[in-house]
Amino acid sequence: MTPHLSGLNPVQLQAVEALDGPVLVLAGAGTGKTRVLTSRLVHLLATARAMPSQILAVTFTNKAANEMRHRVEVMLGRPVEGWWLGTFHSIGTRILRRHAELAGLRTNFTILDADDQVRLLKQIMAAEHIDDKKWPARVLMGVIQRWKDRGLLPEQVTAGEDSEVANGGALNIYRQYQERLRTLNAVDFGDLLLLNLALFKSRPDVLEDYQRRFRYILVDEYQDTNVSQYLWLRLLAQGHRNICCVGDDDQSIYGWRGAEVGNILKFEQDFPGAQVIRLEQNYRSTARILAAASGLIAHNQDRLGKTLWTETRDVEPGEKLRLRSVWDGEDEARFVGEEIEALQRAKQPLAQTAILVRAGFQTREFEERLMTLGVPYRVIGGPRFYERQEIRDAMAYLRVVNQPDDDLAFERVVNLPRRGIGDTTLRAAHALARAKRVSLTTACRELAQTDELKPAARRALSGFLNDLDRWRAAVDRMAHPELAEMVLEESGYVAMWRESKAAEAPGRLDNLKEMIPAMAEFESLAGFLEHVSLVMEATTESQGDMVSIMTLHAAKGLEFDTVFLPGWEEELFPNRRTLDEGGAKALEEERRLAYVGLTRARRRVIITHAQHRRVFNAWIACLPSRFIGELPADEVELDGAPGLAPAGQLGRAASDDAPTWRSPPRWQQPRGFGRSNPPLIEGSAREIDATPTSRFASGARVFHQKFGYGTVAGVDGDKLDIEFDKAGRKKVMDSFVQRATA
DNA sequence: AAGGTTAATGTTTTT
DNA sequence: CATTAACCTT
């Protein structure tokens with residue numbers, strides 16, 4: 001047997017060897033998915049079934065693509081040249097650049113990021129007199145993005161779908177937005193796929209060429225594809241029909257970004273005669289963790305159904321999951337910190353420990369605690385290098401040099417540092433640009449020729465345009481890192497920070513210095529700019545033995561010995577806002593997120609829920625997440641102070657009490673209703689929807705569990721301003737205090 | 001054109 | 001509370 005096939009279990013082997021025809025591999029968490037993917041690619045190449053250039057392998061992240069490339073090359077023992085391996089977006093870009101002129105673009109088109117998109121939209125909305133207050137640009141952006149996710153160009157959006165947003169003007173804005181992008185010789189992320197679709201539609205000959213080319217297509221994380229990606233794949237696969245999609249419907253957590261679980265659920269209908277292979281043997285987690293995760297995810301309706309199992313099931317089930325009830329966020333961080341120190345004392349590597357949270361803001365308390373304890377940690381997915389202000393500014397300079405029509409970049413730097421090109425000048429330029437349907441640079445050039453501007457402004461503008469011309473002339477005769485250095489110096493941008501007295505100025509200069517050598521890795525300025533647009537993340541993988549803190553979304557695909565899952569509370573997780581927006585479907589996605597969290601753990605899971613949390617400036621009572629109630633009781637042990645734990649919750653579905661997502665959380669229901677626990681704290685029932693009026697008036701003596709006795713100093717709806725005897729003046733929810741008894 | 005003040009607004013975010 | 005964007009004043 002060939003070496004790349006050895007060590008695979010029978011089902012994995014089946015998945016690797018099923019090369020022809022449509023194949024769906026349902027790969028549960030920890031079942032060796034990556035192994036199968038890479039082996040399949042190696043199998044294709046090793047058996048010479050396909051040349052590298054005939055293989056299309058698509059992933060969602062650059063990380064996944066890089067890992068796949070690396071593992072295939074290691075297994076094969078040689079580098080692979082010329083294959084189409086990359087993210088949906090990078091391959092979409094590659095195809096689009098080859099045929100740019102057919103899509104109304106030039107080859108050097110710019111890829112805009114979310115920030116630029118919003119700024120562009122704001123401009124269009126302002127011109128259309130749409131109230132930014134009523135319809136924030138971000139919301140409209142979301143609407144447009146969603147259309148793009150579904151593969152819809154403006155002319156394909158049906159009138160009925162338009163009405164709800166921006167008084168029926170969203171489609172109009174979308175149309176203008178697309179027009180404007182073409183003028184700017186720019187695309188956004190959605191376009192990278194969408195314009196591929198349009199290209200394939202208008203030029204069947206081009207499509208046919210790719211259909212012939214890609215004899216074998218491989219797709220990772222298929223459950224996360226949106227409609228546009230799905231259509232793209234389906235078109236490309238129509239030639240040879242050798243498409244293999246790998247995914248796990250239970251790990252679909254990007255629905256809010258347009259991913260359609262439906263794509264994976266209906267694969268067999270889309271590709272008749274498809275083989276469906278289920279990878280169910282888990283090599284990662286203990287039997288207990290698997291049982292808990294399976295028990296939880298069984299509460300979802302929309303799933304293909306898989307049962308994960310492990311060979312050690314009966315022999316050594318592993319530790320029970322631990323459930324800990326804590327007083328508040330601070331207490332939670334303290335508890336997690338202590339547990340981590342205990343692991344440290346037990347000589348467990350910190351790198352095998354992770355804290356996985358629902359939302360980014362939750363990381364702060366853990367960071368603070370670990371910092372105090374001196375436990376090394378890293379936060380994954382924080383603010384990224386290329387999102388820093390100074391880097392974005394520098395990038396804008398380079399963009400505008402590389403592509404003169406990139407208005408958003410132009411606007412960003414035209415008066416940075418200040419060179420006397422202010423509002424008035426720009427307003428005139430904008431007006432001219434809009435009237436003539438040209439880019440801002442072009443408009444500015446024209447403006448500098450007329451005497452519409454005051455002499456000072458005119459001189460400043462001409463000066464800047466001359467600089468741009470000079471820099472552009474240097475693109476071909478200078479190495480791009482040197483060019484960048486020159487641009488940043490001559491523009492006065494670096495000087496601006498050098499002279500700045502701001503505390504963060506030195507740091508910003510350091511970052512700029514760091515950027516220049518990083519550019520040398522790319523063959524050209526354009527190559528560097530594309531990398532930044534498509535990859536965004538800095539390649540500096542910090543190493544060392546550290547605890548990882550990240551969101552559940554960021555944790556997908558990773559694994560750790562010990563996983564802490566804090567914040568398992570109603571409202572936070574499942575997230576209230578998500579539920580409000582997405583209903584029952586969203587609840588299932590939240591549950592999948594919980595499932596992803598549990599299945600990251602190899603040996604140990606510690607779940608916590610806080611009884612109170614500070615939300616902005618008020619304290620609120622929190623109930624344990626319904627997901628806690630959905631965990632099989634046998635697999636979980638209650639940890640710590642008895643009485644505080646949600647006894648009686650465990651092992652029965654908490655969602656029995658709150659069966660639908662619309663029903664209010666249990667603590668809002670009348671006392672004694674159903675099987676609800678009595679509130680842990682007297683008076684913790686709180687009104688949400690009704691306009692709240694406080695039971696208390698100014699001057700009332702009250703008692704608070706955390707802050708002790710105090711006097712009500714002011715009442716604002718259900719919020720009380722209380723002067724506490726010991727804790728000082730605080731704003732507190734009405735529901736959180738009781739009348740002082742003494 | 002620049003700086004300072006006030007008001008709004010707080011999930012997840014592979015590309 | 002803490003951050004950011006919009007606004008208003010000089």
Side-chain angles (χ1 to χ4, degrees), chain A residues 58-67 86-93 111-115 117-119 122 126 132-133 136-138 141-142 145 148-149 187-193 220-221 223-226 228-229 251-259 356-364 380-384 386-387 389 415-426 456-457 460 530-537 550-558 567 571-582 586 589-590 592-594 596-597 614-619 730-731:
Chain A
V58 225
T59 63
F60 273 85
T61 66
N62 293 293
K63 201 174 142 205
N66 291 336
E67 189 183 337
T87 63
F88 276 100
H89 292 89
S90 69
I91 288 172
T93 307
I111 302 166
L112 299 185
D113 64 22
D115 236 68
Q117 294 172 43
V118 170
R119 283 199 292 148
K122 276 188 180 163
D132 191 56
K133 292 256 164 51
R138 290 220 159 266
M141 188 72 247
Q145 207 67 260
K148 292 193 173 189
D149 287 343
V187 299
D188 65 17
F189 267 97
D191 282 346
L192 293 175
L193 271 296
D220 191 16
E221 306 278 16
Q223 77 281 354
D224 289 335
T225 51
N226 61 33
S228 147
Q229 288 157 339
Q251 292 188 68
S252 163
I253 54 175
Y254 284 100
W256 52 274
R257 257 182 135 259
L356 308 182
V357 296
R358 174 63 180 87
F361 67 82
Q362 288 174 268
T363 61
R364 212 197 69 217
I380 293 173
R384 293 185 268 196
Y386 292 109
E387 278 170 7
Q389 187 195 324
N415 201 30
L416 185 81
R418 317 233 172 258
R419 45 174 80 89
I421 305 171
D423 265 0
T424 328
T425 312
L426 274 179
E530 176 154 321
H531 174 83
V532 173
S533 330
L534 288 177
V535 178
M536 282 308 278
E537 67 210 31
M550 69 189 99
T551 63
L552 288 161
H553 284 91
K556 193 167 71 158
L558 305 178
E571 311 275 290
L572 182 58
F573 188 43
N575 187 269
R576 168 94 185 285
R577 289 175 63 105
T578 305
L579 263 44
D580 284 349
E581 274 167 38
E589 183 155 310
E590 292 286 288
R592 289 193 290 267
L593 207 43
V596 167
R614 188 156 61 182
V615 177
F616 313 131
N617 59 358
W619 287 85
K730 307 229 185 276
K731 285 221 163 80

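Bear in mind the structure is a predicted one, so any value in this text is a computation, not a measurement. Protein chains get the first letters and strands the later ones, always in sequence-line order, with residue 1 at the start of each.
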Evaluate the side chain to side chain contact (heavy atoms under 4.5 Å, CB included) criterion for residues A:W256 and A:T578: first the C-alpha distance (whole Å), next the side-chain angles of each, then the deciding distance (0.1 Å), finally the verdict. CA-CA 9 Å; A:W256 52 274; A:T578 305; over 6 Å; no
Rounded at 0.5 Å granularity, tell me how far CE in A:M141 sits from CZ in A:R119. 13.5 Å
Given B:dT15, is OP1 or OP2 found less than 4.0 Å from the side-chain N or O atoms of A:N62? yes
Round to a whole Å and report the spacing from CD of A:E530 to C1' of B:dT15. 12 Å
Rounded to the nearest 0.5 Å, what separation is found between the CG atom of A:N575 and the CG atom of A:L593? 9.5 Å
Quick one: which of B:dT15, B:dT14, B:dT11 gets closest to the side chain of A:L534? B:dT15
Nearest-neighbour nucleotide for the A:R577 side chain, B:dG10, B:dA2, B:dT12 considered: B:dG10
A:E589 vs A:G422, nearer the 5' end of DNA chain B by closest nucleotide: A:G422
Does any N or O donor sit under 3.5 Å from an N or O acceptor when you compare the side chain of A:R257 with the base of B:dT15? yes
Just by modelled atom types, is the A:G420 backbone N or O under 3.5 Å from a matching donor or acceptor in the A:N415 side chain? yes
Starting at atom CZ of A:R364, determine the distance to atom P of C:dT3, rounded to an integer number of angstrom. 9 Å
Which one, B:dT15, B:dT11, B:dT14, comes nearest to the side chain of A:F189? B:dT15
Please determine whether a side-chain nitrogen or oxygen atom of A:S90 lies at a distance below 4.0 Å from atom OP1 or OP2 of B:dT15. no
For DNA chain B, whose closest nucleotide is more 5', that of A:I253 or that of A:S533? A:I253
Out of B:dT12, B:dA1, B:dT14, whichever nucleotide has its closest atom nearest the side chain of A:R418: B:dA1
Can you identify which nucleotide, out of B:dT13, B:dA2, B:dT14, has its nearest atom closest to the A:N415 side chain? B:dA2
Can you check the A:F361 CZ to B:dG10 P distance for me, whole Å? 12 Å
Whole-Å distance between B:dT11 P and A:L572 CG? 11 Å
What's the CG-P distance between A:L416 and B:dA2, to the nearest Å? 10 Å
Can you measure A:Q145 atom CD to B:dT15 atom C1' for me and round it to whole angstrom units? 10 Å
Considering only heavy atoms and no angle criterion, is a donor-acceptor pair shorter than 3.5 Å present between the side chain of A:T578 and the base of B:dT11? yes
Could you state the OH-P distance from A:Y386 to B:dT14, rounded to the nearest angstrom? 16 Å
Give one of base, sugar-phosphate or nothing for A:G360, where a contact means two heavy atoms less than 4.0 Å apart. sugar-phosphate
Is a salt bridge present between A:D191 and A:K148, judged by a nitrogen-to-oxygen distance below 4.0 Å? yes
Give one of base, sugar-phosphate or nothing for A:F88, where a contact means two heavy atoms less than 4.0 Å apart. nothing
Rounded distance in Å - CD (A:Q223) to P (B:dT14): 16 Å
With a non-hydrogen cut-off below 4.0 angstrom, is A:D113 in contact with a base, only sugar-phosphate, or nothing? nothing
Does A:K122 put a side-chain nitrogen or oxygen below 4.0 Å from OP1 or OP2 of C:dA6? yes
Between B:dT12 and A:W256, is there a base-stacking contact, meaning the centre of the base's six-membered ring lies under 5.5 Å from the residue's ring centre while the planes stay under 30° apart? yes
Could you measure between the two C1' atoms, the one in B:dT12 and the one in C:dA5, and give it in whole Å? 23 Å
Side-chain contact test, heavy atoms from C-beta onward, threshold under 4.5 Å: evaluate it for A:L552 versus A:F573 and give yes or no. yes
